[in-house]
Protein chains: 2
Amino acid sequence: MTRWLDEDEQRAWLRLAGVMLKLSPALDSQLQRDSDLTHFDYLCLAMLSEAEGRSLRMSELASRTNASLSRLSHVVSKLERRGLVARCPSPESRRVTLVSLTDDGWERLVEAAPGHVETVRSLVFEGLPAADVAALERIAGHIVEHVEASRLRTVE
Amino acid sequence: MTRWLDEDEQRAWLRLAGVMLKLSPALDSQLQRDSDLTHFDYLCLAMLSEAEGRSLRMSELASRTNASLSRLSHVVSKLERRGLVARCPSPESRRVTLVSLTDDGWERLVEAAPGHVETVRSLVFEGLPAADVAALERIAGHIVEHVEASRLRTVE
DNA sequence: GACAGACACTTGATGCTTCAATCATTTTTC
DNA sequence: GAAAAATGATTGAAGCATCAAGTGTCTGTC
């Protein structure tokens, strides 16, 4: 017996679906136009830039960018071809690959950041009360946790 | 001079990006596995099913599903090939195309709905306080509005 | 110390999304 | 009432994401 969504849930859900369908392309579009980067490309560079030694193992970067290892591998290959990122084998274990941000990658990130941050601010935070910023963090965190938990359940 | 995000905004933003990166594939994956439909396919069928006469013009369906006309056109072509949807010229104006849900499309939607709704409930609403449901609707609505407004600005 | 399984990652094929260009129709402007 | 602009929709090419299958490495376990 299906438990359908009530009216409030229905409205909230349609709006959230709207965010996924509209915000994602909007971010990609601005970054693509101004910096020839995908939003996901940007996220990879940003996560590397904040990591110790500007370098992370593939699986750690995948986890920090919320991506599958497969998706990340394709994207890192592309970024490597463009010279924004470099791969090298880990000294610790031969099945581990380390990715690091190159100087060119760092520069590209620094150039792209202001425009991207402005876009995020204007699309998400402009006019959003502080209480809603907190709520957004709480709710989005809740959803991400549930998705991760369900993935573990179905993989088993 | 860039106005960077403060710490609270930063955390909220990373979590929201996580939702877009993880929730969307999770929905696609369940629907694909159980009903051979994309989440966007589902949305199209669902919007048609609720429309008067189970039929809408392309541009109206695009607007209700938050998609570009181009994306919709490709997807409708695919759904039409599979017999879930039919196109016909509008009697009102010759540049308008009407899309309508076929009986097969209706059946497919009815079969897919319970599993999809269960997934949405378990990933989004399970354990989410009613106050947060309202906040989600408000915040997501705020974001969608801003994205739409910015699109209008850049198109001009 | 060999073998089964787990782990880290890569690859190739397929289908989806976007962008830019296009076409036909309708409306506006002069 | 023609020309110009706007609207509604489609198309093809290029780039992305996903899935399933693969490679190589490491870790038990007997």
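Just so we're on the same page: letters track the sequence lines, and every chain starts at 1.
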Determine: side-chain N/O of [X] to OP1/OP2 of [N], distance under 4.0 Å, yes or no.
X: B/T97; N: D/dT10; result: yes
X: B/K78; N: C/dC16; result: yes
X: B/S29; N: D/dC19; result: yes
X: B/R87; N: D/dT10; result: yes
X: A/S59; N: C/dA8; result: no

Taking atom types as they are modelled, would you say the side chain of [X] forms a donor-acceptor pair with the base of [N] within the 3.5 Å cutoff?
X: B/R95; N: D/dT7; answer: yes
X: B/T38; N: C/dC16; answer: no
X: B/H74; N: C/dG15; answer: no

Identify which nucleotide among [options] has an atom closest to any side-chain atom of [X], counting heavy atoms from C-beta outward.
X: B/R71; options: C/dT18, D/dT11, C/dA8; value: C/dT18
X: B/P25; options: C/dT11, C/dC16, D/dT18; value: D/dT18
X: B/S70; options: D/dT10, D/dG8, C/dC9; value: D/dT10
X: A/L69; options: C/dC9, D/dA9, D/dC26; value: C/dC9
X: B/S73; options: C/dT11, D/dG8, D/dT11; value: D/dT11

* Would you please say whether a donor-acceptor pair under 3.5 Å links the side chains of B/D6 and B/Q10? => no
Please report the distance, rounded to the nearest Å, between [atom1] in [X] and [atom2] in [N].
X: A/L79; N: C/dT10; atom1: CG; atom2: P; result: 13 Å
X: B/L72; N: C/dC19; atom1: CG; atom2: C1'; result: 16 Å
X: B/R81; N: C/dG15; atom1: CZ; atom2: C1'; result: 11 Å
X: B/Q32; N: D/dA20; atom1: CD; atom2: C1'; result: 14 Å
X: A/E80; N: C/dC9; atom1: CD; atom2: C1'; result: 13 Å
X: B/M58; N: D/dT7; atom1: CE; atom2: C1'; result: 14 Å
X: A/L61; N: C/dA8; atom1: CG; atom2: P; result: 15 Å
X: B/D41; N: C/dC16; atom1: CG; atom2: P; result: 7 Å

* Would you call A/E9 and B/R121 a salt bridge, taking side-chain N to carboxylate O under 4.0 Å as the test? -> yes
* Ion pair check, B/K78 and B/D41, cut-off under 4.0 Å -> yes
* Got a second to check how far B/L48's CG is from B/R54's CZ, nearest 0.5 Å? -> 10.5 Å
* To do: Nearest 0.5 Å please: distance from the OG atom of B/S59 over to the CZ atom of B/R95.
  => 10.0 Å
* To do: Could you list the residues that satisfy side chain to side chain donor-acceptor pair (under 3.5 Å) with B/E80, not counting sequence neighbours?
  =>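 By the side chain to side chain donor-acceptor pair (under 3.5 Å) rule, B/E80 matches B/R87.
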* Which comes earlier along DNA chain C counting from the 5' end, the contact point of A/L21 or that of A/R57, where each point is its nearest nucleotide? ->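 So the residue in question is A/R57.
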* To do: Name the residue closer to the 5' end of DNA chain C, choosing between B/R94 and A/D28 according to the nucleotide with the nearest heavy atom.
  =>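 That would be A/D28.
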